[in-house]
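Structure, as structure tokens:
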Amino acid sequence: MSEEPVAQEAVFREVEREVAVMFRRGRARSAEMSRLVHPQLEGMAYSLLAHLHDSGQVRVTEVGAHFGVGKATISRQIKTLEELGLVAREPDPQDGRAWLVSVTADGERRYLRAHEARLASFRELLGSWEPADLAQFARLLARFNDSAQRLYRTPELAAEAEGDERA
């Protein structure tokens, strides 16, 4: 084996390790953000509210497709948010079998408060970086996420979420 593939393999392993650390920290931070929205929330609740905030009123199945989970899983998550008054569900007027979900005024207020706290932590974390380095990091993360979306998105989920540009 020549030195170039060995060196490239070492870089792949380094990237894999650093991404694993980032994901582990991200999961922990996501749970913290969820609890900041409401003390009874955990897991992906913050991400779910962020998606609903950005998307407006959407079908429950579209939310599930966005997160790569089935209708039963996303329905349970939404039910918890609904019971806490953070989201509202209503029948889809175009299809009586489907449900539309959106963030309530209280959910919006709580989400924005948590989001601002998250942005403040990013400012603190990355504030000392050179602007060019920060811009390059943002471009590389976007490129990484685009590659991951293409590689890991199943055809079934892609069909359900047609028109969704970022998973």
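Only this structure's heavy atoms are used, side chains among them; waters, hydrogens and symmetry mates stay out. Predicted model only: the values in this text are computed from it and were never measured.
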Next on the checklist: Please report the interatomic distance CZ(R89) to OG(S75), rounded to the nearest 0.5 Å.
Outcome noted: 6.5 Å

Checklist entry - When rounded to the nearest 0.5 angstrom, what distance separates CD in E42 from CD in Q77? => result 8.5 Å

Item to check | Path from L49 to L100 over hydrophobic side-chain contacts below 4.5 Å | outcome: no

Item to check | Contact list for residues 6-15, test salt bridge (Lys or Arg N to Asp or Glu O under 4.0 Å), sequence neighbours left out | outcome: E9-R13

Item to check | Residues that Y111 engages under ring pair (Phe, Tyr, Trp, His ring centres under 6.0 Å), provided they are two or more places apart | outcome: Y46, H53, H115

Checklist entry - Between R76 and T80, is a side-chain contact (heavy atoms from CB on, under 4.5 Å) present by the stated rule, with each step listed? => result CA-CA 6 Å; R76 281 191 303 275; T80 299; 5.8 Å; no

Donor-acceptor pairs under 3.5 angstrom involving side-chain atoms of residues 15-26: please list them, not counting sequence neighbours.
none

Checklist entry - Looking at side-chain heavy atoms only, is the closest gap between V58 and V101 below 4.5 Å? => result yes

Item to check | For the student: nearest non-hydrogen atoms of A88 and T104, plus distance | outcome: N-CG2, 3.8 Å

Item to check | Test item: R113 side-chain N/O and L36 main-chain N/O as donor-acceptor pair under 3.5 Å | outcome: yes

Item to check | Gap separating the CD1 atom of I78 from the CG atom of L52, nearest 0.5 angstrom | outcome: 6.5 Å

Checklist entry - Which salt bridge (Lys or Arg N to Asp or Glu O under 4.0 Å) pairs, counting each pair once, include a residue from residues 99-110, with sequence neighbours left out? => result D106-R109, D106-R110

Item to check | From R59 atom CZ to W99 atom CH2, the distance as rounded to the nearest 0.5 Å | outcome: 13.0 Å

Next on the checklist: Working to the nearest 0.5 angstrom, can you tell me the gap between E62 CD and S55 OG?
Outcome noted: 8.5 Å

Item to check | Within 6.0 Å of CD in Q94, more than 12 heavy atoms from elsewhere | outcome: no

Checklist entry - Under 3.5 Å, is there a donor-acceptor pair between the side chain of S30 and the main chain of G43? => result yes

Next on the checklist: Has S34 got a side-chain atom pairing as donor or acceptor with L41's backbone, closer than 3.5 angstrom?
Outcome noted: no

Next on the checklist: Please enumerate all residues that pass side chain to side chain contact (heavy atoms under 4.5 Å, CB included) together with D133, with sequence neighbours excluded.
Outcome noted: W129, E130

Checklist entry - Applying the 4.5 Å side-chain criterion to the ILVMFWY set and letting contacts propagate, would V37 and L119 be lumped into a single cluster? => result no

Checklist entry - Out of curiosity, L141 CG to Q136 CD, how far, rounded to the nearest 0.5 Å? => result 10.5 Å

Item to check | Residue pairs involving residues 28-40 (criterion salt bridge (Lys or Arg N to Asp or Glu O under 4.0 Å); sequence neighbours excluded) | outcome: R29-E32

Checklist entry - In the single-linkage hydrophobic clustering (I, L, V, M, F, W, Y; side-chain heavy atoms under 4.5 Å), do F122 and F137 co-cluster? => result yes

